Peer 1: 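Right, I'll just put the structure down here and ask away after.
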Amino acid sequence: MLSTKPSSYLAPLHLLQLLTKTQSLKLTQQTHARVCHLGLHQNPIILTNLINAYSRSKNPLQSQILFNSIELKDACLYNTLINGYVKNNLPHECFDIFNTMCQSVDSFPDEFTFSTLAKLSGEIGDLLAGKWVHGKCVKLGFVTDTVLANSLMSMYGKCDGMQDARKLFDEMPQRTVSSWNIMLSRYVNGENCFPDSQVWEFVKCMLTEGLKPNEFTLSNLLTRSGRFDHGRELHCYIIRNEMNLDVDSGVHLDCCLIDMYSRNNKLSLARLVFDQMRFKNVYVWTAMMSGYLHNGDPQETVHLFCKMRRMSRVEPNEVSLLTLLSASSLIAGLLGVEQIHGLSVKNGFVNHTSLCNSLIDMYSKNGLLTSARKVFDHDCRSKDAVSWGCMISGCGLHGKGQEAVGLYDKMLTSGIKPDAISVVGVLSACSKSGLVEKGLDAYNKAIKVSGFEPTVEICSCVVDLLGRSGQVNEALTFIKAMRLEPGPSVWGALVSASVVHTNYETRVLAYKSLIEIEPENPSNYVSLSNLYASSRKWDFVADVRRTMKERNLRKSPGCSWVTVNSKTHSFLVADKAHPAADKIYEILNELTLVMKRP
């Protein structure tokens, strides 16, 4: 018998060690064969680890086959199989297994089962599934479990069910720091963020219950902290309680502090936190780099990146490369973009979607549409709505209207729902290329087929599309039919159209509407005054000028700038202050003569 051999006692322990460490399908299959050879094919502990090993090696089907071969299935085996399906992004199979579990006479769902399903519902954003799981918990009497209640609250927060989350929170017989942190994270990071006063009042209630904030509480508050004095108080609390001494939690908190000080334009304090850190990982370096970029110092961002690699031997991640890409494009333009593209290839990040999206956008804006298209077609293997939107906008920017429409239709065919960037991109492309019918068709598809809610920016694109083609009256009719309140961009598009097609009445109406929306913008008054003056309506000109004087409005002179060799030169109207002004005007006069030639 196997039990009489000394080695048989060691075999299960040896196999468990293999199963808990491996992600290799081949090794898992070899271990499975060894289990059957030793007659342990019904051992629940080994089978649990074996199912888990198949799931980790991305083979959930084999996990299911193995599970089906087990004679007596307990809750632990069911939970392992469900968790494996979760890890392999197969949500429907998880609920199917749960239903089978509920019908089984040998096993019964426990707190871990419901916690896993609640977490899954939150990750896929299925509020109905989450409520169904919650209902099952109440029916079976598990809702008093704190860990399970925390999972349900997290699910409600991710599915925009904050009222249900708060109700569950208030009904909890015992709340832990994690319970408060879950609610706080939704107050701070949710789509409908709560005002600062309510957030701080919530924290005070937590302290009243005798619970002490941990690093997660403080990181949430630092992320939200829009006031410097609040952030400074939190920093003092961290130091006083020595919460930044632990390597893992301390690094995370210091990253949040760097970010908080950078957002409040206290870059010297952010750098002080950075310099005092004993251990710096890539996230710390990236936070400091982002701080310099946010405060308009791309040169220091690049310098810090070089220091990170050469002195600290820290390899960049995707976020640090994205930060460096933005900084390099500001300093060196196209050359900087190409250099970071090469670095991303060298470091193996060239196929990452977010980096590809930024490269597509940067190449398009720097005039290299062919390079942008190469990144889109070859490097960007997992395209999201932003990828398509960047490429469509790039085509529009370069006057490739037909190509933009083709990409938009291809995106819809591939099953990706358009976002604001892609809709605005295709409408803008059609507007610049004179493709009115195709532009209106794209708009109707977005609204009626994809169920997209029109934004003010999208509506201004439609107005521009109609206006450029001479359909000024149709553009005005569209504005009047808008469900949204027309903003400055909408009326501005109508102004541009009425100027090109000399529609005086519409132009006056648009300027008056702009003045109503932006009563403190002097440009609108000046433009309306000039329009009246061109028609010799001097009484109206006087009225507009009088209104400007009463409101103490004065138009700032127009300004433009150009960057040459990393140095920005700005120019006002009729400006002669630049050291090379004489040479500039000499060349400008020569260009003017060339342009006037027949």
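Note: hydrogens, waters and symmetry copies are ignored here, and every other heavy atom, side chains too, is used. Predicted, not measured: the structure shown is a model, and the values here were computed from it.
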Peer 1: State which residues pass ring-ring contact (aromatic ring centres under 6.0 Å, His included) with Tyr292; sequence neighbours excluded, sorted by chain then number.
Peer 2: none

Peer 1: Nearest heavy-atom pair of Met277 and Val273: which atoms, and what distance?
Peer 2: CG-O, 3.1 Å

Peer 1: Inspect the surroundings of CD in Glu209 and state if more than 12 heavy atoms from other residues, nucleotides or ligands are less than 6.0 Å away.
Peer 2: yes

Peer 1: Which value, rounded to the nearest 0.5 Å, describes the distance between Ile340 atom CD1 and Leu359 atom CG?
Peer 2: 9.5 Å

Peer 1: Could you tell me if Lys73 sits above the aromatic ring of Tyr78, with its cationic atom closer than 6.0 Å to the ring centre and no more than 45 degrees from the axis?
Peer 2: no

Peer 1: Before accepting this row, confirm whether a basic side-chain N of the pair Glu315/Arg309 lies closer than 4.0 Å to the acidic partner's carboxylate O.
Peer 2: yes

Peer 1: Who pairs with Trp180 by ring-ring contact (aromatic ring centres under 6.0 Å, His included), at least two apart in sequence or on another chain?
Peer 2: Phe169, Phe202

Peer 1: Could you pull out all donor-acceptor pairs under 3.5 Å where a side-chain atom in residues 80-95 meets a protein atom, sequence neighbours excluded?
Peer 2:
from: Thr80; atom 1: OG1; to: Cys76; atom 2: O; distance (Å): 2.8
from: Tyr85; atom 1: OH; to: Gln64; atom 2: OE1; distance (Å): 2.8
from: Asn88; atom 1: ND2; to: Ser55; atom 2: O; distance (Å): 3.2
from: Asn88; atom 1: ND2; to: Gly84; atom 2: O; distance (Å): 2.8

Peer 1: If you measure from OG1 on Thr113 to NZ on Lys136, what distance do you get to the nearest 0.5 Å?
Peer 2: 12.5 Å

Peer 1: Side chain to side chain contact (heavy atoms under 4.5 Å, CB included) for Met308 and Phe305? Distances and angles first, verdict last.
Peer 2: CA-CA 5 Å; Met308 176 185 80; Phe305 180 84; 3.7 Å; yes

Peer 1: Apply ring pair (Phe, Tyr, Trp, His ring centres under 6.0 Å) to Trp132 and Phe98, showing your working.
Peer 2: CA-CA 12 Å; Trp132 179 77; Phe98 174 75; 5.5 Å; yes

Peer 1: Take Thr176 and Ser179 through the test side-chain hydrogen bond (donor to acceptor under 3.5 Å, both in side chains) and record every step on the way to the result.
Peer 2: CA-CA 5 Å; Thr176 62; Ser179 310; 3.2 Å; yes

Peer 1: Start with the C-alpha gap between Asn317 and Trp285, add the side-chain angles, then the distance that decides, and say whether side chain to side chain contact (heavy atoms under 4.5 Å, CB included) holds.
Peer 2: CA-CA 10 Å; Asn317 63 7; Trp285 287 94; over 6 Å; no

Peer 1: Set out, in order, the CA-CA distance, both residues' side-chain angles and the distance that settles ring pair (Phe, Tyr, Trp, His ring centres under 6.0 Å) for His134 and Tyr156, then state yes or no.
Peer 2: CA-CA 10 Å; His134 189 182; Tyr156 278 124; 5.7 Å; yes

Peer 1: Are side-chain N/O atoms of Tyr237 and Arg232 paired as donor and acceptor at under 3.5 Å?
Peer 2: no

Peer 1: Between Thr301 (side chain only) and Leu293 (backbone N and O only), is there a donor and an acceptor less than 3.5 Å apart?
Peer 2: yes

Peer 1: In the structure I gave you, are the side-chain heavy atoms of Ser354 and Leu322 within less than 4.5 Å of one another anywhere?
Peer 2: yes

Peer 1: What pairs with Asp254 under salt bridge (Lys or Arg N to Asp or Glu O under 4.0 Å), at least two apart in sequence or on another chain?
Peer 2: none

Peer 1: Rounded to the nearest 0.5 Å, how far apart are SG of Cys159 and CG of Leu128?
Peer 2: 9.5 Å

Peer 1: Using distance alone, with no hydrogens and no angle criterion, decide if Asn181 and Thr217 have a side-chain donor and acceptor under 3.5 Å apart.
Peer 2: yes

Peer 1: Is it true that Asn241 and Lys212 share a donor-acceptor pair across their side chains at a distance under 3.5 Å?
Peer 2: yes

Peer 1: Looking at Lys119, I'd like to know if its NZ atom is crowded, meaning that more than 12 non-hydrogen atoms belonging to other residues, nucleotides or ligands lie closer than 6.0 Å.
Peer 2: no

Peer 1: Between Asn264 (side chain only) and Met260 (backbone N and O only), is there a donor and an acceptor less than 3.5 Å apart?
Peer 2: yes

Peer 1: Looking only at non-hydrogen atoms, find the nearest pair between Gly425 and Ile392 and report the distance.
Peer 2: C-CG2, 3.6 Å

Peer 1: Does Glu233 pair with Arg240 as a salt bridge, N-O distance under 4.0 Å?
Peer 2: no

Peer 1: Is a side-chain donor or acceptor of Asn214 paired with a backbone partner of Phe216 at a separation under 3.5 angstrom?
Peer 2: yes

Peer 1: Compare every heavy atom of Val423 with every heavy atom of Pro418, then report the nearest pair and how far apart it is.
Peer 2: CB-CG2, 3.9 Å

Peer 1: On a heavy-atom basis, which atom in Asn49 and which in Ile45 lie closest, and how many Å separate them?
Peer 2: ND2-O, 2.8 Å

Peer 1: Is a side-chain N or O of Ser320 found less than 3.5 angstrom from the main chain of Pro316, in a donor-acceptor match?
Peer 2: no

Peer 1: Could you state the interatomic distance from CZ (Arg175) to CG (Asn150), rounded to the nearest 0.5 Å?
Peer 2: 11.0 Å

Peer 1: Give a yes or no answer on whether the side chain of Ser393 reaches the backbone of Cys390 with a donor-acceptor pair at less than 3.5 Å.
Peer 2: no

Peer 1: So how far is it from Ser115 OG to Leu148 CG, rounded to the nearest 0.5 Å?
Peer 2: 4.5 Å

Peer 1: How about Tyr261 and Arg271: do any of their side-chain heavy atoms sit closer than 4.5 Å?
Peer 2: no

Peer 1: Would you mind reporting whether Tyr443 and Cys461 have side-chain heavy atoms less than 4.5 Å apart?
Peer 2: no

Peer 1: With side chain to side chain contact (heavy atoms under 4.5 Å, CB included) as the criterion, how do Ser387 and Thr353 come out once you've worked through the C-alpha distance, each side chain's angles and the decisive distance to 0.1 Å?
Peer 2: CA-CA 7 Å; Ser387 312; Thr353 304; 3.6 Å; yes

Peer 1: Would you find more than 12 non-hydrogen atoms of other residues, nucleotides or ligands less than 6.0 Å from Lys365 atom NZ?
Peer 2: no

Peer 1: Show the nearest heavy-atom pair for residues Ser422 and Met411, with the distance to one decimal.
Peer 2: OG-CE, 3.8 Å

Peer 1: Looking only at atom types and distance, does a side-chain atom of Arg263 sit under 3.5 Å from a main-chain N or O of Gly291, one as donor and one as acceptor?
Peer 2: no

Peer 1: Has Ser428 got a side-chain atom pairing as donor or acceptor with Val424's backbone, closer than 3.5 angstrom?
Peer 2: no

Peer 1: Roughly how far apart are Glu457 CD and Ile421 CD1, rounded to 0.5 Å?
Peer 2: 9.0 Å

Peer 1: Could you check whether any side-chain heavy atom of Phe114 comes within less than 4.5 Å of a side-chain heavy atom of Leu140, counting everything from C-beta outward?
Peer 2: yes

Peer 1: For Ile51 versus Ile70, what's the shortest heavy-atom pair and its separation?
Peer 2: CD1-CD1, 4.1 Å

Peer 1: My understanding is that only residues two or more places apart in sequence, or in another chain, count here; which of them pass ring-ring contact (aromatic ring centres under 6.0 Å, His included) with Tyr408?
Peer 2: none

Peer 1: How would you list, by chain and number, every residue that makes a ring-ring contact (aromatic ring centres under 6.0 Å, His included) with Phe349, sequence neighbours excluded?
Peer 2: His352

